[in-house]
Amino acid sequence: MSARIFCVANQKGGVGKTTTTVNLAAGLAKVGQRVLMIDLDPQGNATMGSGIDKRKLEMSVYDVLLESASITEARVRSEKCGYDVLGSNRDLAGAEVELVEVERRDKRLKEAIAAVAAEYDFVLIDCPPSLSMLTLNGLCSAHGVVVPMQCEYFALEGLTDLVNTIKQVHANMNKDLQIIGLLRVMFDPRITLQQQVSEQLKAHFGDKVFNTVIPRNVRLAEAPSYGLPGVVFDPNARGSQAYVEFAKEMVDRIKKL
Ligand code: ADP
Ligand code: MG
C-alpha cells in the first residue's frame, strides 16, 4: 500500500491550517501510522511547530521543488513528534518565481512524493494561505484536501474560491483530487452564530463535514512556542484529544475512499 496524500488548504490565513497539519500528523503517528509532513509555506510554521529549526535546515522542500534534492535526502525525523518532516523556510518564497520558468512545474512535488510513497501511510501537506503555484503543487500531488474552517459569518462564501480551484485542478490536472472534508476548528459552542454556521455547513456539504469538531483551546495555541504540536505538548488538553479523534476519523475515512 502506498501513502494517501492530503493537502491541508484554505486560502485564508489564520484559519488553523498549520495547527491542523501538525496535530493531525502527531495524532496519526500516535495511532501507529507512518507519516511524512511537508511544509509548503515559506513561513515555515509547520516546520518550527514540529521541533525542526527552519534556519538550520540543510535542505528543504525548496530543493525538492527545484530538483536539486530528493525527499529522501531532504527530510528530517522529528523524534519527539514521531513523524518525518520535509521542512521549509524563506528560500521557498523564491521558488514561486523560479518555478515559472521550469518544465512540469506543477508536477514536481507529485513526482518527488511518488519516490517515497511506499514508506508512509499518510503524507500531509501544509499549504500557504493563497492559491499560488506552491498550493497548486500541493493540490496536484494529493488524493484529497482537508479544509479547516472557522464557523464564522462569511465562512461559506470564503469556500467558493477554494471549491472552484479544486474543481479546476480535478478537471485539468489531477483526476484523483477531491475534498475529503471540512474540519470545524476553533469551535466555541457557546457562540450561537458558530452553531448556526455549523448547521449550515452540514446542510450544504453533508457528510463532507467531519464528525470531529476541534474546540478553541489555548493549549493548542501555546504548543508551537515549545516547538511541539498540542497533541505532543499536552496530550490531555481538550484540543489535543480532539485532534487524536480526528486522526482516527481520517484513518476510517480513507478505508472508504
Ligand atoms: P494558518 O496556518 O491557517 O495560518 P494557524 O494554524 O497558524 O493558521 O492558526 C492561527 C492561529 O490560531 C495560531 O496562533 C494558532 O495557534 C491558533 N489556533 C489554531 N487552532 C486553534 C484552536 N483550536 N484553539 C486555539 N487557538 C488555535
Ligand atoms: Mg499556516
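Side-chain atoms are counted along with the backbone in the values below, which use heavy atoms only and exclude waters and symmetry mates. Note that ligands are numbered from 1 as they come in the structure, with each ligand's atoms numbered from 1 the same way. Quantities reported herein were computed from a predicted structural model and do not represent experimental measurements.
The aromatic rings of His143 and Phe6 sit perpendicular to each other, their planes meeting at more than 60°, with 30° as the lower class boundary.
The side-chain hydrogen bond (donor to acceptor under 3.5 Å, both in side chains) test with Tyr243 singles out one residue from Asn23, Asn217, Thr20, Thr19, and that residue is Thr20.
For atom 24 (N) of ligand 1, the nearest non-hydrogen atom from the set Asn217, Leu220, Val213 comes from Asn217. For atom 5 (P) of ligand 1, the choice among Thr19, Val15, Asp126, Ile214 with the nearest heavy atom turns out to be Thr19.
Heavy-atom proximity to Gly14, at under 4.0 Å, picks out these atoms of ligand 1: 1 (P), 3 (O), 4 (O), 8 (O), 10 (C). Of all atoms in ligand 1, listed by their number and element, those nearer than 4.0 Å to a heavy atom of Gly16 are 1 (P), 3 (O), 5 (P), 6 (O), 8 (O), 9 (O). When each atom of ligand 1 is checked for a heavy atom of Pro215 under 4.0 Å away, the hits are 22 (C), 23 (N), 24 (N).
For atom 13 (C) of ligand 1, no protein heavy-atom neighbour is present inside the 4.0 Å cut-off.
Salt-bridge formation is detected for the pair Glu119/Arg75: a Lys NZ or Arg NE/NH1/NH2 atom is positioned less than 4.0 Å from an Asp or Glu carboxylate oxygen. Between Arg34 and Asp121 a salt bridge is recorded (basic side-chain N to carboxylate O distance below 4.0 Å).
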(request) Start with the C-alpha gap between Asp126 and Lys17, add the side-chain angles, then the distance that decides, and say whether salt bridge (charged side-chain N to carboxylate O under 4.0 Å, His left out) holds. (result) CA-CA 7 Å; Asp126 187 30; Lys17 289 182 291 296; over 6 Å; no
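Val85 is not listed as a side-chain neighbour of Asp39, based on a closest heavy-atom distance of 4.5 Å or more.
Residue contacts with ligand 1: Asn45 is placed with no nitrogen or oxygen under 3.5 Å of a nitrogen or oxygen of the ligand (distance criterion only). Between Thr18 and ligand 1, a contact under 3.5 Å exists for at least one N or O pair.
At the top of the distance list for atom 26 (N) of ligand 1, counting protein heavy atoms only, stands Ala221 CB, 3.7 Å. Nearest to atom 18 (N) of ligand 1 among the protein's heavy atoms is Met186 CE, 3.9 Å.
Annotation: Arg77, atom CZ; neighbour count of heavy atoms from other residues, nucleotides and ligands within 6.0 Å is above 12.
Note on Phe122: it clusters hydrophobically with Val76, by side-chain heavy-atom contacts below 4.5 Å among ILVMFWY residues.
Counting backbone and side-chain atoms alike, Thr21 contributes no N/O/S atom closer than 2.8 Å to the Mg ion (ligand 2).
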